[in-house]
Participant: 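A single structure is presented below for examination.
Values below: every heavy atom of this structure, side chains too, minus hydrogens, waters and symmetry copies.
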Amino acid sequence: MAAPVSPTELHSFLAFDFGLRRIGVASGTRLLGSAEARGTIKGGDFDAIAALIKTWQPDALVIGVPRHPDGAPHEMTAKAQNFGRRLSGRYHLPVFEVDERYTSVEAEAEGAQDVDAAAAALILEQFFREHP
């Protein structure tokens, strides 16, 4: 079994703001330390995810994991983590989790037209801050 990969060793990423109906997508590189919203796909559309992975060829994936304001897990926490496990199993890429509390609220406050994709970009930028 291969040793776990450190997130600081990786350079390009796709991030997902998981939802049952919609999944926001963003891409980014460690070099720039920023992310760009790439749109929203239908929840559970693994064919669309495969196409995104083929296009962007990321070193790793980042998923936002929702929690209650106090940090406690809730029903969507487990669903997002399951989504991450499915991504890892299907695409054989490292998957990293980020606490995504308030990213959608922040995206809305910034006036994003595609809130889900903007939230995915915020998730990836948070990941870069947590793993410089």
Side-chain angles (χ1 to χ4, degrees):
M1 178 183 246
V5 177
S6 166
T8 58
E9 296 174 27
L10 305 170
H11 300 286
S12 65
F13 299 84
L14 272 180
F16 301 96
D17 178 33
F18 172 77
L20 296 176
R21 288 181 297 233
R22 296 178 312 279
I23 299 172
V25 181
S27 66
T29 64
R30 181 172 304 287
L31 178 66
L32 299 176
S34 63
E36 187 172 333
R38 297 292 176 194
T40 300
I41 61 174
K42 182 180 175 190
D45 188 348
F46 285 95
D47 290 337
I49 293 170
L52 289 163
I53 289 172
K54 184 176 180 180
T55 298
W56 295 103
Q57 299 184 4
D59 296 322
L61 308 174
V62 176
I63 59 165
V65 176
R67 296 186 176 277
H68 285 292
D70 67 358
H74 57 70
E75 179 183 338
M76 287 302 289
T77 305
K79 290 179 189 289
Q81 290 171 324
N82 184 51
F83 173 69
R85 285 189 295 277
R86 291 179 71 189
L87 290 175
S88 177
R90 281 177 182 249
Y91 306 112
H92 308 290
L93 291 168
V95 175
F96 299 97
E97 295 180 0
V98 170
D99 181 342
E100 67 136 356
R101 278 178 282 178
Y102 309 116
T103 54
S104 294
V105 172
E106 185 177 342
E108 286 176 357
E110 292 176 358
Q113 295 200 340
D114 184 338
V115 171
D116 298 307
L122 291 169
I123 288 164
L124 187 50
E125 288 172 353
Q126 180 177 328
F127 174 80
F128 289 143
R129 285 191 303 274
E130 292 175 358
H131 303 282

Participant: Between atom CD1 of I49 and atom OH of Y91, what is the distance when rounded to the nearest 0.5 Å?
Facilitator: 5.0 Å

Participant: Minimum heavy-atom separation for A37 and A118, please, with both atom names.
Facilitator: CB-N, 4.0 Å

Participant: Excluding sequence neighbours, so at least two apart, what forms ring pair (Phe, Tyr, Trp, His ring centres under 6.0 Å) with H74?
Facilitator: H68

Participant: Report the hydrophobic cluster partners of V105, with the cluster defined as I, L, V, M, F, W, Y residues connected by side-chain heavy atoms closer than 4.5 angstrom, directly or transitively.
Facilitator: none

Participant: Applying salt bridge (charged side-chain N to carboxylate O under 4.0 Å, His left out), name anything that partners E75, two or more places apart in sequence or on another chain.
Facilitator: K79

Participant: If I take atom CG from residue L52 and atom CZ from residue F16, how far apart are they, to the nearest 0.5 angstrom?
Facilitator: 6.0 Å

Participant: Using only atom types and a distance under 3.5 Å, with no angle test, would you say the side chain of T77 pairs donor to acceptor with the backbone of P66?
Facilitator: yes

Participant: Provide the full list of salt bridge (Lys or Arg N to Asp or Glu O under 4.0 Å) pairs with a residue in residues 116-127, sequence neighbours left out, each pair given once.
Facilitator: R22-D116

Participant: Side chain of T55, backbone of A51: donor and acceptor closer than 3.5 Å?
Facilitator: yes

Participant: Can you give me every donor-acceptor pair (side chain of residues 39-46, partner residue at least two apart or in another chain, under 3.5 Å) with its distance?
Facilitator:
| unit_1 | atom_1 | unit_2 | atom_2 | d |
| --- | --- | --- | --- | --- |
| T40 | OG1 | D114 | OD1 | 2.6 |
| T40 | OG1 | D114 | OD2 | 2.9 |
| D45 | OD1 | D47 | N | 3.3 |
| D45 | OD1 | A48 | N | 3.0 |

Participant: With sequence neighbours left out, write down each residue that passes side chain to side chain contact (heavy atoms under 4.5 Å, CB included) with L31, or none if nothing qualifies.
Facilitator: T29

Participant: CG/L61 to OG/S27 distance, rounded to the nearest 0.5 angstrom?
Facilitator: 12.0 Å

Participant: Roughly how far, to the nearest 0.5 Å, is the CG atom of N82 from the CZ atom of F18?
Facilitator: 7.5 Å

Participant: With rounding to the nearest 0.5 angstrom, report the CZ to CD distance, R67 to E100.
Facilitator: 10.5 Å

Participant: Tell me whether I53 is reachable from I123 by hopping between hydrophobic residues (I, L, V, M, F, W, Y) whose side-chain heavy atoms are closer than 4.5 Å.
Facilitator: no

Participant: Would you mind listing every salt bridge (Lys or Arg N to Asp or Glu O under 4.0 Å) that reaches into residues 50-60, with sequence neighbours excluded?
Facilitator: none

Participant: Which atoms form the tightest heavy-atom contact between A121 and A35, and what is the distance?
Facilitator: O-CB, 3.5 Å

Participant: I'd like to know if V115 and Y102 are part of one continuous hydrophobic network [Ile/Leu/Val/Met/Phe/Trp/Tyr, side-chain heavy atoms within less than 4.5 Å].
Facilitator: no

Participant: The criterion is salt bridge (charged side-chain N to carboxylate O under 4.0 Å, His left out); which residues satisfy it with E36, sequence neighbours excluded?
Facilitator: R38

Participant: Identify the heavy atoms of S104 and A119 that sit nearest to each other, and give their distance.
Facilitator: OG-CB, 3.9 Å

Participant: Assess whether atom CD of E110 is packed by more than 12 heavy atoms of other residues, nucleotides or ligands within 6.0 Å.
Facilitator: yes

Participant: Apart from L32 itself, what residues make up its hydrophobic cluster, given side-chain heavy atom links below 4.5 Å?
Facilitator: none

Participant: Just jot down the side chain to side chain contact (heavy atoms under 4.5 Å, CB included) partners of F127, sequence neighbours excluded, or say none.
Facilitator: P7, F13, R30, V62, F96, V98, L124, H131

Participant: Side-chain contact test, heavy atoms from C-beta onward, threshold under 4.5 Å: evaluate it for L14 versus V25 and give yes or no.
Facilitator: yes

Participant: Given the rule that I, L, V, M, F, W and Y join up when any side-chain heavy atoms are under 4.5 Å apart, are L122 and M76 in one cluster?
Facilitator: no

Participant: In chain order, what residues pass the side chain to side chain contact (heavy atoms under 4.5 Å, CB included) check against R21, with sequence neighbours excluded?
Facilitator: none

Participant: Restricting to side chain to side chain contact (heavy atoms under 4.5 Å, CB included), what partner residues turn up for E97, sequence neighbours left out?
Facilitator: I63, V65, Q81

Participant: Ignoring hydrogens and geometry, is there a side-chain-to-backbone donor-acceptor pair from Q126 to D99 under 3.5 Å?
Facilitator: yes

